[in-house]
Amino acid sequence: MSFKNKTGFSLINVALVTAIGFGSVTAGAANNEFQYLTGQSVSNSHNAFESQGYKKLHNEIINKQNQVVWWNADQKDCVVSNENYGKVSSIYDVSKSDCDPYISSSDSKTVVGLVAGVAAIAGIAALINHNKHKQQDRNNEARNTEEYDQGYNDGRNNYRSYGSHSESYNNGFAAGKEDRNNNDQSSNRFGSNHHNYNHDSNRNAQSRYVKVSDLYNIRASSGEQELMDRGFRMVDGSKGRNNSYVTWVNYDAKECVNVITQDGRFKMPQIVSMNECI
């Protein structure tokens, strides 16, 4: 809140504008009595203040918001409300001395009150800014954990949603894929047949559909790498006069795919019966 000093102390006024304008804080602690007005229309808030015996003393535009100073003479209570786009954005209690310039221009006591107000406002601005950053840190940490877990699950199941991903997702995917590879190697040491379809049929709960339709018209070299990245391996192939036909299988997903390549591009990546890959 930029309170104009009617006694002519311009330096105090400049300090107060700086403290408010850059901190985006009007003054002290939020007024609990009128917090329910936050988000309501300006007209509703004005009616509520006036019904409680408050009088509008002053208003001005600060940081693209209309700041209104309210005063209750009976309760000696000074309140500031911020208005933006026809609604109340915030409400704060301030010191009585902050209302004094608009009630009277009596003596230097007003100046003392304004100096104290500047210090209080700066402190509140710093506290609110600190709490805001702490909340942002907590939100970021929760989001990173969620993305890491999603990446780990996708890597563990050899499935990936394609497109750009965050660093947390990529780290989780790498960890999940490493664990999956380690488990596969351990199973092979004890004689399990990782590529036996009948054996894999007992793992229905862990299989996941792998999308291939997005590979249509992709360059063959890139398409083959994409299929391998998605857990497929080539099991059969033939070459015609103008086209080539290759069958790919993903045993984890129990998915068999036929790919027709023409002029160096995938023309028809199509999921077919698993029997064609056995």
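Shown here for Y148 and A175, the closest heavy-atom pair between the two residues is OH-CB, 3.5 Å. Pairing each heavy atom of S213 with each of K211, the nearest pair is OG-CE, 3.5 Å. For the pair D98 and P101, the tightest heavy-atom approach, listed with the atom from each and the gap, is O-CD, 3.6 Å.
At a threshold of 4.5 Å between side-chain heavy atoms, the hydrophobic network of Ile, Leu, Val, Met, Phe, Trp and Tyr places V212 and V272 in two separate groups. Residues M228 and I218 are members of one and the same hydrophobic cluster, defined by side-chain heavy-atom contacts under 4.5 angstrom among Ile, Leu, Val, Met, Phe, Trp and Tyr. Linking ILVMFWY residues whenever their side-chain heavy atoms come closer than 4.5 Å, directly or via other members, leaves V210 and Y152 in distinct clusters. Follow the hydrophobic side-chain contacts under 4.5 Å out from I271 and you reach F232 in the same cluster.
Between the CG atom of L227 and the CD atom of Q225 there is a distance of 9.5 Å, given to the nearest 0.5 Å. One distance of note links OH of Y85 with CG of N66; it measures 13.5 Å at 0.5 Å rounding. Atom CG of D229 is separated from atom CD of E224 by 12.0 Å, given to the nearest 0.5 angstrom. Taking CD from Q40 and OG from S45, the interatomic distance works out to 8.0 Å, rounded to the nearest 0.5 Å. Here the straight-line distance linking atom CE of M274 with atom NZ of K254 works out to 8.0 Å at 0.5 Å rounding.
Counted by atom type alone, N82 and Y92 present zero donor-acceptor pairs between their side chains at under 3.5 Å.
Residues K87 and E83 are not paired through a salt bridge, judged by the lack of any N-O separation under 4.0 Å between the basic side chain and the carboxylate. A salt bridge between R230 and D214 is present, with a side-chain N of the basic residue lying under 4.0 Å from a carboxylate O of the acidic one.
Between Y54 and F34, the distance separating the two ring centers is shorter than 6.0 angstrom. Two rings, from F266 and Y216, have their centers 6.0 Å or more apart. For W70 and H46, the ring centers are positioned less than 6.0 Å apart.
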**OP:** Take C256 and T247, measure what side-chain contact (heavy atoms from CB on, under 4.5 Å) needs, and give me the verdict at the end.
**Re:** CA-CA 7 Å; C256 185; T247 303; 3.6 Å; yes

**OP:** May I have the step-by-step check of side chain to side chain donor-acceptor pair (under 3.5 Å) for Q65 and S89, ending in yes or no?
**Re:** CA-CA 9 Å; Q65 294 191 103; S89 57; 2.6 Å; yes

Subject >> Audit row: N258, E276, side chain to side chain donor-acceptor pair (under 3.5 Å) steps and yes/no >> reply: CA-CA 9 Å; N258 278 342; E276 297 190 27; 3.2 Å; yes

**OP:** Walk me through it: do W71 and K96 pass the test side-chain contact (heavy atoms from CB on, under 4.5 Å)?
**Re:** CA-CA 8 Å; W71 169 247; K96 171 184 176 298; 3.6 Å; yes

**OP:** For the pair V68 and V80, evaluate side-chain contact (heavy atoms from CB on, under 4.5 Å) and give the outcome as yes or no after the intermediate values.
**Re:** CA-CA 6 Å; V68 184; V80 171; over 6 Å; no

Subject >> Working for side-chain contact (heavy atoms from CB on, under 4.5 Å), residues L37 and S81 >> reply: CA-CA 10 Å; L37 295 176; S81 65; over 6 Å; no

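Judged as a side chain to side chain donor-acceptor pair (under 3.5 Å), and not counting sequence neighbours, the contacts of N243 are Q262. Under the side chain to side chain donor-acceptor pair (under 3.5 Å) criterion, Q52 pairs with no residue at all, not counting sequence neighbours. The side chain to side chain donor-acceptor pair (under 3.5 Å) search around W248 returns none, not counting sequence neighbours.
Side-chain atoms of V257 and N250, non-hydrogen and from C-beta on, never get closer than 4.5 Å to each other. Two residues are said to be in side-chain contact when any heavy atoms from C-beta on lie closer than 4.5 Å; M234 and D236 fail this criterion. With a 4.5 Å cut-off on side-chain heavy atoms, I91 and V79 count as touching. Looking at K55 and Y102, their side chains never come closer than 4.5 Å, going by heavy atoms from C-beta outward. Considering only heavy atoms from C-beta on, C78 comes within 4.5 Å of V69 through its side chain.
In terms of modelled atom types and a separation under 3.5 Å, the side chain of N171 and the main chain of E167 share a donor-acceptor contact. Under a 3.5 Å cut-off, the side chain of K177 and the backbone N or O of A174 do not form any donor-acceptor pair. N170 places a side-chain N or O within donor-acceptor distance of the main-chain N or O of S166, the cut-off being under 3.5 Å. Side chain of N47 to backbone of S43: a donor-acceptor contact under 3.5 angstrom is found.
A 6.0 Å sphere centred on NZ of K267 holds more than 12 heavy atoms belonging to other residues, nucleotides or ligands.
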